[in-house]
Amino acid sequence: MPELPEVETTRSGIAPHIQGQRISGVVVRQPRLRWPIPGNLGDLLGGRTVRAVERRAKYLLLRLSNGSLILHLGMSGSLRILPRDTVPGKHDHFDLLFKQCCLRLRDPRRFGAVLWTDQPVEQHPLIAHLGPEPLSEEFNGVYLHRQAQQRRVAIKNLIMDGRVVVGVGNIYANEALFRAGIHPARPAGRISLARCARLAEEIKQVLAAAIIQGGTTLRDFQQEDGKPGYFAQELLVYGKAGSPCPGCGNPLKQQRIGQRSSVYCSRCQR
DNA sequence: AAATTCTCCTGAAGGC
DNA sequence: TGCCTTCAGGAGAATT
């Protein structure tokens with residue numbers, strides 16, 4: 001499922017194909033995503049050139065001269081670059097057509113989004129109140145520790161809260177907490193500065209490593225060329241409940257924390 | 001105010 | 001073989 005590494009992999013994959021290219025058409029086959037795809041996208045986008053392909057949190061931003069197209073992959077979405085005449089599949093909901101190719105959104109569970117804004121994208125309601133990027137210097141141990149003060153919520157929920165830090169979804173939250181030796185259910189306010197620093201560092205490390213591998217493919221995720229991401233083979237705990245802990249050999253436990261499945265070692269993580 | 005629950009959706013997997 | 005139930009989850013909205 002697309003988290004930050006998968007979205008960044010998608011961004012870097014599609015950018016060379018569409019940056020500087022003119023949009024010749026828009027196809028909407030199924031407008032009912034998380035929010036309806038605007039009906040006038042054809043008029044807004046037709047003939048415009050994609051100036052830049054950027055990412056903020058898990059949102060992809062296609063910058064045009066008259067505004068920005070905001071794309072979100074939800075949890076089962078993927079974007080591919082295809083020949084223009086490729087026959088669409090069942091869940092291929094949206095195409096942007098270019099002279100040489102087609103950018104196609106596939107999203108079986110339809111939790112994704114295709115939105116438009118003609119305002120500065122930083123002011124969009126979905127983006128304006130987001131926390132810092134995890135790979136930025138702004139996100140560090142001191143910052144995380146400060147955010148955790150007086151908070152009784154589980155640390156795993158805190159690092160998955162987009163107002164605190166963006167882009168950390170369930171897979172990488174589990175992995176980072178294991179690598180940092182912190183129990184996912186530990187109250188956020190009861191973690192020392194040193195351990196917050198370790199956690200912030202592990203979040204950065206695991207995200208950066210996953211970007212290099214092209215993200216994690218469990219079921220749906222595909223890179224822009226249709227290939228899977230290869231970070232799944234480097235996951236230490238996610239999806240491995242019952243297996244021996246890579247650190248101590250004890251069976252990994254699974255527990256729901258904040259409606260999310262969490263995997264951890266009760267011996268290595270405190 | 002903070003924390004929890006609900007909601008959208010499809011497909012895989014398990015039970016009988 | 002097939003139908004039913006359960007689970008998975010990003011993140012905004014609603015509720016406690």
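Numbers restart at 1 for each chain; the letters A, B, ... are given by sequence-line order, proteins then strands.
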**Request:** Test side-chain contact (heavy atoms from CB on, under 4.5 Å) on A/Glu122 and A/Arg56 and set out the steps.
**Result:** CA-CA 9 Å; A/Glu122 302 77 18; A/Arg56 173 73 172 104; over 6 Å; no
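For A/Lys204 and A/Glu201, the salt-bridge test fails: no basic side-chain N is under 4.0 Å from an acidic carboxylate O.
With a 4.5 Å cut-off on side-chain heavy atoms, A/Tyr264 and A/Val237 do not count as touching. At least one side-chain heavy atom of A/Ile257 sits less than 4.5 Å from a side-chain heavy atom of A/Asn157.
Distance CG (A/Asn157) to C1' (B/dA2): 12 Å, rounded to an integer number of Å. Protein atom CZ of A/Arg110 is 18 Å distant from nucleotide atom P of B/dT7, rounded to whole Å. Between A/Gln259 atom CD and B/dC6 atom P the separation is 7 Å, expressed in whole Å. Following rounding to the nearest Å, A/Arg32 (CZ) and B/dC8 (P) show an atom-to-atom distance of 11 Å. Spacing between atom CG of A/Asp107 and atom C1' of C/dG9 amounts to 12 Å, rounded to whole angstrom units.
The neighbour count for A/Gln149 CD, taken as heavy atoms of other residues, nucleotides or ligands under 6.0 Å away, is above 12.
Using cut-offs of 30° and 60° for the angle between ring planes, the A/Tyr172 and A/Phe231 rings count as tilted.
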Please report, to 0.1 Å, the donor-acceptor pairs under 3.5 Å made by any side chain of residues 15-22 of chain A, with sequence neighbours excluded.
from    : atom 1 : to      : atom 2 : distance (Å)
A/His17 : ND1    : A/Gly13 : O      : 3.2
A/Gln19 : NE2    : A/Arg51 : O      : 3.3

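Of the residues listed (A/Lys99, A/Arg84, A/Gln100), the one engaging A/Ser24 in a side-chain hydrogen bond (donor to acceptor under 3.5 Å, both in side chains) is A/Arg84, and it is the only one.
Counting non-hydrogen atoms under 4.0 angstrom, A/Arg256 reaches the backbone sugars and phosphates but no base.
Residues of residues 144-152 of chain A that place a heavy atom closer than 4.0 Å to DNA chain C do not occur.
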**Message:** Counting primed atoms plus P, OP1 and OP2 as sugar-phosphate and everything else as base, spell out the protein contacts along nucleotides 10-16 of chain C at 4.0 Å heavy-atom distance: B, S or - for each nucleotide, 5' to 3'.
**Reply:** BBB----
